[in-house]
Protein chains: 2
Amino acid sequence: MARSSRQSVTIRHVAAEAGVSLQTVSRVVNNEPNVRPQVRERVMEAVKKLGYVPSLAARRMGGSRSYLILALNDRDRTIEGWQLGQGSDWIDQMLYGGMLACAERGYRMIFELIDTHSAHVEREVNAALSSLRPDGVILTPPHSDNPAIIDLLVKQHMPFARIGSDDASAGFAIRMDDGAAAQAATEHLIGLGHRRIGFIAGSEEYRLSGARTDGYRAAMAAAGLPVAEGLVQPGDFSFESGEAAMRAYLALPEPVTAVIASSEQMALGALHVARDRGVDMPAELSLVSFDDTPAVRFSVPPLTAITQPIAPMTAKAAELLIDAASGKESEPGVHVIPFALAVRRSSAAPGG
Amino acid sequence: MARSSRQSVTIRHVAAEAGVSLQTVSRVVNNEPNVRPQVRERVMEAVKKLGYVPSLAARRMGGSRSYLILALNDRDRTIEGWQLGQGSDWIDQMLYGGMLACAERGYRMIFELIDTHSAHVEREVNAALSSLRPDGVILTPPHSDNPAIIDLLVKQHMPFARIGSDDASAGFAIRMDDGAAAQAATEHLIGLGHRRIGFIAGSEEYRLSGARTDGYRAAMAAAGLPVAEGLVQPGDFSFESGEAAMRAYLALPEPVTAVIASSEQMALGALHVARDRGVDMPAELSLVSFDDTPAVRFSVPPLTAITQPIAPMTAKAAELLIDAASGKESEPGVHVIPFALAVRRSSAAPGG
DNA sequence: ATGAAAGCGCTAACAG
DNA sequence: CTGTTAGCGCTTTCAT
């Protein structure tokens, strides 16, 4: 352990130490066959003694793999989230699931911010791919359904996983069952005795918005409840759109007794308006959020929420891509990850 | 833009397209001198036309730089934060400041989780360094003052920045003035009319804990207020230790009218206990938090808090390291980044 | 089962 | 100002 200079240990040093060729060291390090147990042992000792760890860059240069998984996130949304610090922990959960899954397999996850709306999406994605040459790409919403990005990836034969997408035509799709989740939230409220339940829809830019609205409608229909005019309000996932929706509900001739917001920010916006107007929650109004974030848990009252399995989805995405890069063919198609409903004080039987 | 195969554009293709040598392309791409404007122009056009972006790995292999900055975070704390999802956005703010500062300079920030307490710290750090060969390392608390890590970095001549450290003996130290911040928080309360102010100290594993306590004592002393027995309570940054401290305050014969917690989690723990006991805030008790996180802003009441400039500190760290890697000698020593005090409803004049 | 040779895409060092 | 020559540390052939 005396090595302490700037010059680091390379495969050469290990080969010399063990008295074998570079090749043999490479084989041992990569767990390849055709090495006698005895020699393997000797090499592993040398590796350990010298503290050898292969250089990522050199591995990428020599071989075909880069041991890198690239996650692409929407620049504007991500930066806005960071600036506002409003407690969406999407990135954190993505890192949690993705980084650990990668680390377990000797991979590394890097993430990049990409402008969806920019005319330069292709240029930006291309730049990241060219620079990093990852073994796989993880797409998060709204990139998961961006045709420009998908086309690019397909053309380059770059394996990719699409989080929150149900499009199985290319790449791996990994999602939770958004429809079932909205349905579960709706059923939860119906079970509590609610009959006039509002639903704040999400941005149509995201495919999952439609699925959620459909799930809500399905649950209402199954219970024989009409979806009256004004019960479904448009939204764009923003706090403001949640506020606007709640104002609309409060202006309805016949009031709603419960509201489901298909995003955390919209739930908080709705909560804000309701509280401002002195609505007693949950006595007069129950509220359910999609997305179980810190802000939702710390709000007053704490909100009942659908827990999106962001970490497990990202972990699954990383696994699939690494398996693919390792030659293991995994089943393509849509992988559905279970969600959960966290029941908190914001939902109760109507009237108290 | 017809290139669409897997095989990507290399410096060769650009050289051929522009009719110059590889070297000239390299010079242009790296903004080096000794290229006629005319030729430079021609090369830039070829680069643009082919969509050429240099390979990170190849750059690292050929040259002396890797264009990578490595940020080291504490594994246990980080993972715990992700699991609990309690809304500490340290990682987010670090990424915000660090990634963008790196991106502006053509660098990339990668972050790794390292076990501080493990006997393998050195092995873990070494592995990350050997694999990535970054141009600089950013240390975050508690790594910033970990002698094993510092020694390793110094021995390897690896430039590094220490966030939240005031130790200027090696590397760049980047910090906010923790003492002044605690002092400002204390003065804020004194200005409101408080005289018996409690201070929940942080873990002694972190050097900044002492600075904060000192700042509190200094402000008290400057105002001629005694720091009576029991006013300073020990803590370890955890929610539980905040709860314990608040219980201790409530058990004091002569009650405190205000409390400063030197971490967000302790503030929330203290708030939890106070609310449970029916303490009216801020009428009966004012509370100030260190760390202006989402949870703090969404709590009831929203907490007055010291805003730690995590993003600016990380950005500064990245800048210094990249400048160093680029040959620009920057002033060593301690870089102090301004903090702010966000006044919210949790602090008011005593008694009402 | 092992080793030798070639080369990945770039930059450093040197020639001109 | 510009081009040529060597590698960087690995993995991939291909021999042995």
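Chain naming here is simple, since letters A, B, ... match the order of the sequence lines and numbering starts at 1 in each.
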task: Report yes if a side-chain nitrogen or oxygen of B:Arg36 is closer than 4.0 Å to either non-bridging phosphate oxygen (OP1 or OP2) of D:dT2; otherwise report no.
output: yes
- prompt: Which atom pair, heavy atoms only, marks the closest approach of A:Ala161 to A:Ala317?
  reply: CB-CB, 3.7 Å
- request: Measure the distance from NE2 on A:His13 to C1' on D:dC8 and round it to the nearest whole Å.
  value: 12 Å
- request: Establish, with yes or no, whether the OP1 or OP2 oxygen of D:dT12 is under 4.0 angstrom from a side-chain nitrogen or oxygen of A:Ser64.
  value: yes
Positive for side chain to side chain contact (heavy atoms under 4.5 Å, CB included) with A:Ile149, one of A:Leu152, A:Leu153, A:Asp145: A:Leu153
field: Euclidean distance, atom CG of residue B:Leu50 to atom C1' of C:dG9 [Å, nearest integer]
entry: 15 Å
message: For C:dC10 and B:Tyr52 - does any side-chain N or O of the residue sit under 4.0 Å from the phosphate oxygens OP1/OP2?
response: yes
query: Distance from B:Arg77 atom CZ to B:Leu113 atom CG, nearest 0.5 Å?
result: 13.5 Å
- request: Measure the shortest side-chain to side-chain distance between A:Tyr107 and A:Leu68 over non-hydrogen atoms and say whether it is less than 4.5 angstrom.
  value: no
query: A:Gln38 has an atom CD; how far is it from atom C1' of C:dT2, in whole Å?
result: 14 Å
message: Taking 4.0 Å as the cut-off, does a side-chain nitrogen or oxygen of B:Thr24 come that near to OP1 or OP2 on D:dG3?
response: yes
- line: 5'-most contact on DNA chain D (nearest-nucleotide basis), B:Val20 vs B:Arg133, goes to B:Val20
Nucleotide D:dG9, atom P - distance to OH of A:Tyr67 in whole Å: 18 Å
Salt bridge present between B:Glu41 and B:Arg36 (N-O < 4.0 angstrom): no
field: Toward the 5' end of DNA chain D, by each residue's nearest nucleotide, B:Pro33 or A:Arg12
entry: B:Pro33
query: Rounded to whole angstrom units, what separation is found between the CD1 atom of B:Ile11 and the C1' atom of D:dT4?
result: 14 Å
Could you list the protein-to-nucleotides 4-7 of chain C atom pairs, N/O on both sides, closer than 3.5 Å?
none

- prompt: Under 4.0 Å between a side-chain N/O of B:Ser26 and OP1 or OP2 of C:dC10, yes or no?
  reply: no
- request: Answer yes or no for A:Arg60 and A:Tyr67: cation-pi contact, defined as NZ/CZ to six-membered ring centre under 6.0 Å and angle to ring axis within 45°.
  value: no
Salt-bridge present (B:Arg75, B:Glu112; N to O < 4.0 Å): no
field: Distance, rounded to the nearest Å, where A:Leu132 contributes CG and C:dC8 contributes P
entry: 21 Å
message: Between P on C:dT11 and CZ on B:Arg65, what's the gap in Å once rounded to a whole number?
response: 10 Å
task: Please check the phosphate of C:dT11 (OP1 and OP2 only) for any side-chain N or O of B:Arg59 closer than 4.0 Å.
output: yes
query: Could you give the CG-to-C1' distance, from B:Asn34 to C:dC14, as a whole number of Å?
result: 14 Å
